[in-house]
Structure formats: C-alpha cells, structure tokens
K.L.:
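I have a structure here, written as structure tokens, and I will follow up with some questions on it.
A note on names: the letters A, B, ... follow the listed sequences, proteins ahead of strands, and every chain is numbered from 1.
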Amino acid sequence: MRIATWNVNSLKARLPRVEAWIAEAAPDVLCIQETKLTDAKFPAEAFSALGYEAVHHGQGQWNGVAIISRVGVDDVATGFGALPDPYEGEARLIAATCGGVRFVDVYVPNGREVDTDHYVRKLEWLATLREWLQSTAAPGDPLVLLGDFNVAPEDRDVWSIDAFAGLTHVTDPERAAISSLCDWGLTDAFRRVDDADGRFTFWDYRNGDFHKGRGMRIDYLLVTDPVLERVESATIDRDARKGEKPSDHAPVVVELRD
DNA sequence: ATGGTAGCGCTGCTA
C-alpha cells in the first residue's frame, strides 16, 4: 500500500497539480492539508473520476483537511470530539479507516511567534491531540498519524538551526509535544529508512528559499508498530515543488508491504 | 537588489 501526505496550500488553486500528481504517483491513500475550502466546494467528483473516494473537513478560506483513498474510507471522524479544541472552529483533523489502517490527518497550528497566544494554543492543541489519540486508539492498532505538524523534530530538519534562533517550529516545548506523541507508540516512518540531513518537505515561497535549499522537514508520517514493520521506503517528491504553480510543500510518500 | 511569494478576497491577514 502506497500512502502519502501533502499540504496543497489551497485545493482550488492546486487541483490540476493534485490530479496530475495522483495520476502519476498512484497513491492508495493521500491525506492533504490546507484545502481552504468549505465542504460544499470540495471537488469530490474530480477524485471519483480518478477512481478515488474522498472525505473532507473544511471551513473555507483557511485550514481544511481531506482523505482521498482507492482502498475504502470508513468510520470517518473530524475534530477532537468531546475534548475542548484550543483552535475551536478550525478544520484541522480528519480520521478514517482505509485498507485496514487508521489514518489521522492533521494540520497542526503554525503558532506564529514564540510566547504568543497562538503559540501557547499550538502546544495545547498538540497535547489535546495526544489525549484524543490515547482515548480513541491503541498503540497496537495499525495507525498512521500524518500531516503538516509545523514542527521540525531535530536541528537537522531545518536548513540552518542558527537561522531559526528564537523562532517557532524548533523550540523545545514544540519538540517535546511531538516526542510525547511518539512516546504513546509512534515512530517517524521517514527517519526509519532515511537518515540523511537536508531532507525537507517545505520551502517558503519568499526569498527564493526553494532554489537556495532553505527548507524544513515539518510534514511526516508517525506510525504504530504494526505499520512500522511494513515500511519499505519513504521519499519526498521534490519534483512536485517545481514547475507551474507549486504548493510550498512537497508530498511525502511511504510504501508499505502488503 | 535593504525588497522579494502566494492565496484568499477586496482590506489586510495568514503562512
């Protein structure tokens, strides 16, 4: 089974690129973030034309997450259920079971600047995610928590740690929140098979960052042990960041043995 | 080169 995560930065602006990528990469399950659409405007028929079922959780203008699958979409859930959401009203989580694996697709809040209200609520959102996970799933389940985490787990996951001094995405509390998720029973599937530096999934549109190699690895797939033992390969599709109207993120693809 | 990009939606916010 081939699974992928991709922050598309507006599905309206990116639909032609997403359709082309699906046709070429042929994922079984693609989880996307930042659709920036209402549910009413989600182009489900574009995906059914390619042989995929899709479920979407959106609000319009900002955020929005979707799961696109050709191996079924069952038991769909959105948001944190009964738990209070520090970003109430923002569409940042959708979960579904596809091909026997539970997928939890997240768009973690950016946090803007350290020690602001947004940053504090980002940490609370991640703590809530851990609590929600613990109350709705077990580490022995085949599960993938994937998406745009807006946290670079290690110094080598940014192009220059010095350039990030005092900024969000690399602070100890943010990294501790990701570690806490992993402590529950998750492992970074990409790092399991690729230990190299300079592996990035996001490059800011500004300053020509992509062409200068100034990126960050903030999109990943955290998997439980039953999925980890099936991981065959993990790649970042940098080509998807090139060409006409690219997203500022590249897709991350993980191949699982059957 | 002391500014640069992109998307949303129409003024300035978000990333």
K.L.:
Think K245(A) has a side-chain N or O under 4.0 angstrom from the OP1 or OP2 of dG7(B)?
P.N.:
yes
K.L.:
Could you give the CG-to-C1' distance, from N150(A) to dT14(B), as a whole number of Å?
P.N.:
12 Å
K.L.:
Going by atom types alone, do Y119(A) and T171(A) pair a side-chain donor with an acceptor below 3.5 Å?
P.N.:
yes
K.L.:
Quantified in whole Å, what is the C1' atom distance between nucleotide dG4(B) and nucleotide dA15(B)?
P.N.:
16 Å
K.L.:
Which atoms of nucleotides 1-4 of chain B (N or O only) lie under 3.5 Å from a protein N or O atom, and what are those distances?
P.N.:
{"residue": "dG4(B)", "atom": "N7", "partner": "N207(A)", "partner atom": "OD1", "Å": "3.2"}

K.L.:
So does V8(A) get a backbone contact from the side chain of R14(A), meaning a donor-acceptor N/O pair under 3.5 Å?
P.N.:
yes
K.L.:
Using whole Å, report how far CG of D204(A) lies from P of dG7(B).
P.N.:
13 Å
K.L.:
I want to confirm an ordering. Mapping L11(A) and D248(A) to their closest nucleotides on DNA chain B, which one lands closer to the 5' end?
P.N.:
L11(A)
K.L.:
Between P109(A) and Y205(A), which residue's closest nucleotide on DNA chain B lies nearer the 5′ terminus?
P.N.:
Y205(A)
K.L.:
How about R102(A) and T97(A): does a side-chain donor come under 3.5 Å of a side-chain acceptor?
P.N.:
yes
K.L.:
Does any donor atom in the side chain of N110(A) or H118(A) lie under 3.5 Å from an acceptor atom in the other side chain?
P.N.:
no
K.L.:
May I ask you to check if R92(A) and Y87(A) form a cation-pi contact, with NZ or CZ under 6.0 angstrom from the six-membered ring centre and within 45° of the axis?
P.N.:
yes
K.L.:
Ignoring the backbone of S10(A), work out which of dA6(B), dA15(B), dC8(B) is nearest its side chain.
P.N.:
dC8(B)
K.L.:
Round to a whole Å and report the spacing from NZ of K212(A) to P of dT5(B).
P.N.:
11 Å
K.L.:
Provide, to the nearest angstrom, the distance between the CG atom belonging to N9(A) and the C1' atom belonging to dC13(B).
P.N.:
14 Å
K.L.:
In whole Å, what separates the P atom of dG3(B) from that of dG7(B)?
P.N.:
24 Å
K.L.:
Tell me which nucleotide among dT5(B), dC8(B), dA15(B) gets nearest to the side chain of R112(A).
P.N.:
dA15(B)
K.L.:
Rounded to the Å, how far apart are D219(A) CG and dA15(B) P?
P.N.:
15 Å
K.L.:
Round to the nearest Å and state the distance from W62(A) atom CH2 to dC8(B) atom P.
P.N.:
12 Å
K.L.:
What parts of residues 153-171 of chain A reach DNA chain B, counting only heavy atoms under 4.0 Å away?
P.N.:
none
K.L.:
CD of E113(A) versus P of dA15(B): gap in Å, rounded?
P.N.:
12 Å
K.L.:
Just checking, is any N or O donor in the side chain of N63(A) or E34(A) under 3.5 Å from an acceptor N or O on the other one?
P.N.:
no
K.L.:
Could you tell me if W21(A) and D237(A) have a donor-acceptor pair between their side chains, going purely by distance under 3.5 Å?
P.N.:
yes
K.L.:
Which nucleotide wins on minimum distance to the side chain of A13(A), given the candidates dC8(B), dA6(B), dT14(B)?
P.N.:
dC8(B)
K.L.:
Judged by modelled atom types alone, do T116(A) and E113(A) share a side-chain donor-acceptor pair under 3.5 Å?
P.N.:
no
K.L.:
Would you say D39(A)'s side chain and G58(A)'s backbone share a donor-acceptor pair under 3.5 angstrom?
P.N.:
yes
K.L.:
Using the C1' atoms only, state how far dA1(B) lies from dG12(B), rounded to an integer number of Å.
P.N.:
26 Å
K.L.:
Describe the nucleic acid contact of F210(A) in one word from base, sugar-phosphate, nothing, applying a heavy-atom distance below 4.0 Å.
P.N.:
nothing
K.L.:
Separation of L37(A) atom CG from dC8(B) atom C1', in whole Å?
P.N.:
11 Å
K.L.:
Within 45° of the axis and under 6.0 Å from the centre of the six-membered ring of F202(A), does NZ or CZ of R217(A) qualify?
P.N.:
no
